[in-house]
Structure formats: C-alpha cells, structure tokens
Amino acid sequence: MEKISENLCFRGVQGVYKHASQATGTDMTFGLFLPQESRDGPVPVLWVLAGLTCTHENAMTKAGAQAWASDHGIALVFPDTSPRGDGVPDDSEYDLGQGAGFYLNATQDPWAQNFRMWDYITQELPALLAQNFSIDLDRQGITGHSMGGHGALTMALSLPGQFRSVSAFAPICNPTGADWGRKQFRAYLGEDESLWAAHDASLLMANTRYEGPMLVDTGSEDPFIDLLRVETLSAAMTAQRMPGVLRIQPGYDHSYYFVASFMEDHIAFHAEALWT
C-alpha cells in the first residue's frame, strides 16, 4: 500500500492511499480519516460512498464530514466509485463505465473483469483497513450520496450484521424502474431483469427487514428526483412496517451543498448506533 498524502485534520489525520486490488485487477485509491482516538485503540468506521462521475475526493473534500467525525471519534472511509486506469473499459457517457461502477459485481463483457465494486467495498477494502489501521470492523456504518446512497442501502440490506446503521443523501432508490439503473444493469448484469433486483433498495426492502436505524434525506428541489424514486422506498418501508426516517428537505438540490448541510445530522445518527 502506498501513502499518497497524510494531513492533520480536526485533530485527526486525513490520509489518501493507493493499493493493488485483487477484486478489480487495478490500482485503487481511497481516502481515510482517522480521529485522534484511533491513537489509543480501534475506532468505529463510517463508509462514505460517492456518486456518478465522482472519485474518492468528492465527499472527502466537499462534505465537511471530518469535523463531525472528529467530534464523535469515528473513522471515515472514502472509496473510489469504480476501477480506473489503462485497459479498464469505459463509455463515452458519464453514467456508465469509469466513475459509474454502481457498487455491484459486473457479469457481462467487457465490464466483468474489473467492475467488481461490491466485493471491493464489502470484502477486500475492509480487510485491508483492518490490517493496516486502528479501526473496528465490528462497528461499521455506511452512507452515500446518489449512486453512493444506492450502494449504501443495498449493501446494508443485503449483508445482515455488517453495518449497524445506514443513511443516504438523495439515493437512487429504485434503479430497476429508472434510467439511472436500467441502462447500467443491462450493461453490467445482462438482460435477465430478475438478476437486477439484488441491487434495487426498494425491491430488497419488500423482502428484507433491516434491523438497524435508517436515515434518508432528499432535497425537494433535486433536479433528478424523478430518477431517484424515493417514493418507492417509502412505500416499501411502509409495507414492511420497518422503522426509519425519510425526509424531504425543502429547497435543497442534489449538490454537495445539500450533503454538507445535513452531514452533521448523519454523523450524529451513526455515532449513536456505532458507540452503543
């Protein structure tokens, strides 16, 4: 593992690191914020998954999460959104290929060899972090923005016990029913739509009961709200009688200004679950 940078940040350390990934067959870069409490022993960790076109840098530099994580003694992991590099397939459209991994394991050519972000986020990177840093994998939470919110919800719902808490900012809630999803699932997973359901939070919610706390925020003025389909997640949660908080925030859009505005709420929400 190569250290790219480490900077003192809110009494902790914000680092950026690169390593060779077996899951993706490429070098992968991630950000990791460690609060000062990590000097004394392992600390809880919150995964922060970014959205379409983003890298590890977007949430790391724009969400303002480190200040609140420092207050609560929580580590933050900022993974990349896809494999990258020479020889990694890409597409001319922004919402497919590099920067648009959709947090799944692709099964179709040319994507299958490298686009294995599910395994990377849920298995490989946690193991690497535990081997090299003072974090506690028994106390994990997960959050994300847009495509990252989709990833956070599907991972929490599909992996019982791995994440004590889940939250999302403007998540893609029903990708099998929207253009942000159907295009990518067809390319990555093939034409059999029955295989897509495992990566649709609203469909998962209909058959899966998440036992931890859940918080979802979406802006009322989000220009992509019709693609996010948050109403389908709300309906699925209601049908399951599953507790959770879904908020429509008046006047807010899809930007990182929106994410930063409610990051304090989300960090405090996860801290309550992770330190209990």
Side-chain angles (χ1 to χ4, degrees), residues 1-4 15-32 45-60 75-91 95-133 135-138 140-163 166 172 175 181 184-190 195-196 198-201 204:
M1 188 172 60
E2 175 187 350
K3 178 177 71 177
I4 296 175
V16 178
Y17 309 92
K18 183 168 70 173
H19 70 106
S21 166
Q22 292 185 353
T24 68
T26 66
D27 285 344
M28 296 293 291
T29 302
F30 66 91
L32 174 66
V45 58
L46 177 62
W47 294 80
V48 185
L49 307 186
L52 286 167
T53 75
C54 295
T55 70
H56 69 281
E57 289 188 318
N58 293 72
M60 186 179 79
L76 302 170
V77 185
F78 304 97
D80 204 345
T81 53
S82 77
R84 301 177 191 274
D86 295 339
V88 176
D90 201 6
D91 189 87
D95 56 356
L96 185 67
Q98 296 187 34
F102 266 76
Y103 302 104
L104 50 76
N105 289 339
T107 60
Q108 304 299 302
D109 291 333
W111 315 103
Q113 181 174 351
N114 304 114
F115 281 70
R116 303 189 63 80
M117 292 300 293
W118 182 277
D119 284 354
Y120 177 70
I121 297 293
T122 65
Q123 298 176 28
E124 184 178 23
L125 189 52
L128 181 75
L129 294 174
Q131 291 168 5
N132 291 277
F133 301 99
I135 65 167
D136 183 356
L137 291 186
D138 289 331
Q140 296 185 76
I142 191 165
T143 188
H145 173 229
S146 193
M147 180 185 72
H150 143 76
L153 291 171
T154 56
M155 289 175 179
L157 288 165
S158 300
L159 300 168
Q162 182 157 338
F163 301 103
V166 60
I172 303 172
Q184 292 82 3
F185 288 179
R186 183 171 288 110
Y188 294 145
L189 301 176
L195 302 177
W196 301 359
H199 295 283
D200 186 306
L204 285 169

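Just so we're clear, the structure is a prediction, and the values are computed from it rather than from any experiment.
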Next on the checklist: Applying ring pair (Phe, Tyr, Trp, His ring centres under 6.0 Å), can you list everything that pairs with Phe78, at least two apart in sequence or on another chain?
Outcome noted: none

Item to check | CA sep, side-chain torsions, deciding dist, call: Phe102, Leu52, side chain to side chain contact (heavy atoms under 4.5 Å, CB included) | outcome: CA-CA 8 Å; Phe102 266 76; Leu52 286 167; 3.8 Å; yes

Next on the checklist: For Pro126 versus Leu137, what's the shortest heavy-atom pair and its separation?
Outcome noted: O-CD1, 3.6 Å

Next on the checklist: Rounded to the nearest 0.5 Å, what separates atom CE in Met117 from atom CG in Leu125?
Outcome noted: 8.5 Å

Next on the checklist: Counting C-beta onward and ignoring hydrogens, is there a side-chain heavy-atom pair between Phe115 and Pro89 closer than 4.5 Å?
Outcome noted: yes

Item to check | NE2-OH distance between His150 and Tyr103, expressed to the nearest 0.5 angstrom | outcome: 8.5 Å

Checklist outcome for this item: Here the pair of heavy atoms bringing Val48 nearest to Ala59 is CG1-CB, 3.8 Å

Checklist outcome for this item: For Leu189 and Leu195, the nearest pair of non-hydrogen atoms, with its separation, is CD1-O, 4.1 Å

Checklist entry - Are the aromatic ring centres of Phe30 and Tyr120 under 6.0 angstrom apart? => result no

Next on the checklist: With rounding to the nearest 0.5 angstrom, report the CG to CG distance, Leu153 to Leu204.
Outcome noted: 9.5 Å

Next on the checklist: Over 60° means perpendicular and under 30° means parallel, so tell me whether His199 and Trp118 are parallel, tilted or perpendicular.
Outcome noted: perpendicular

Checklist entry - Looking at CH2 of Trp47 and CG of Leu129, how far apart are the two atoms once the value is rounded to the nearest 0.5 Å? => result 5.0 Å

Item to check | Donor-acceptor contact present, side-chain Asp90 to main-chain Gln98, <3.5 Å | outcome: yes

Next on the checklist: On a heavy-atom basis, which atom in Ile142 and which in Ala156 lie closest, and how many Å separate them?
Outcome noted: CG2-CB, 4.2 Å

Next on the checklist: When you measure from the side chain of Tyr188 to the backbone of Asp109, do you find a donor-acceptor pair of N or O atoms at a distance under 3.5 Å?
Outcome noted: no

Checklist outcome for this item: For Val77 and Val45 the tightest heavy-atom approach is CG2-CG2, 3.4 Å

Item to check | CD (Gln113) with more than 12 external heavy atoms under 6.0 Å | outcome: no

Item to check | Check: Gln162 side chain, Gln140 main-chain N or O, donor-acceptor pair, under 3.5 Å | outcome: no

Checklist outcome for this item: Value for OH (Tyr17) from CG (Leu128), rounded to nearest 0.5 Å, stands at 11.0 Å

Item to check | Evaluation steps, side chain to side chain contact (heavy atoms under 4.5 Å, CB included), between Met155 and Leu49 | outcome: CA-CA 11 Å; Met155 289 175 179; Leu49 307 186; 4.2 Å; yes

Next on the checklist: Do Asp119 and Glu124 have side chains that approach each other closer than 4.5 Å (heavy atoms only, starting at C-beta)?
Outcome noted: no

Next on the checklist: Quick one: does any side-chain atom of Thr81 pair with a main-chain N or O of Cys54 as donor and acceptor, under 3.5 Å?
Outcome noted: yes

Item to check | Test log, rule side chain to side chain contact (heavy atoms under 4.5 Å, CB included), inputs Asn58 and His145 | outcome: CA-CA 10 Å; Asn58 293 72; His145 173 229; over 6 Å; no

Checklist entry - Going by heavy atoms in the side chains, are Thr55 and Arg84 under 4.5 Å from each other? => result yes

Item to check | Smallest separation among heavy atoms of Leu96 and Ala187, with atom names | outcome: CD1-CB, 3.8 Å

Checklist outcome for this item: When rounded to the nearest 0.5 Å, the distance separating CG of Asp86 from OG1 of Thr26 is 11.5 Å

Item to check | Heavy atoms from other residues, nucleotides or ligands near CD of Gln108 exceed 12 (cutoff 6.0 Å) | outcome: yes

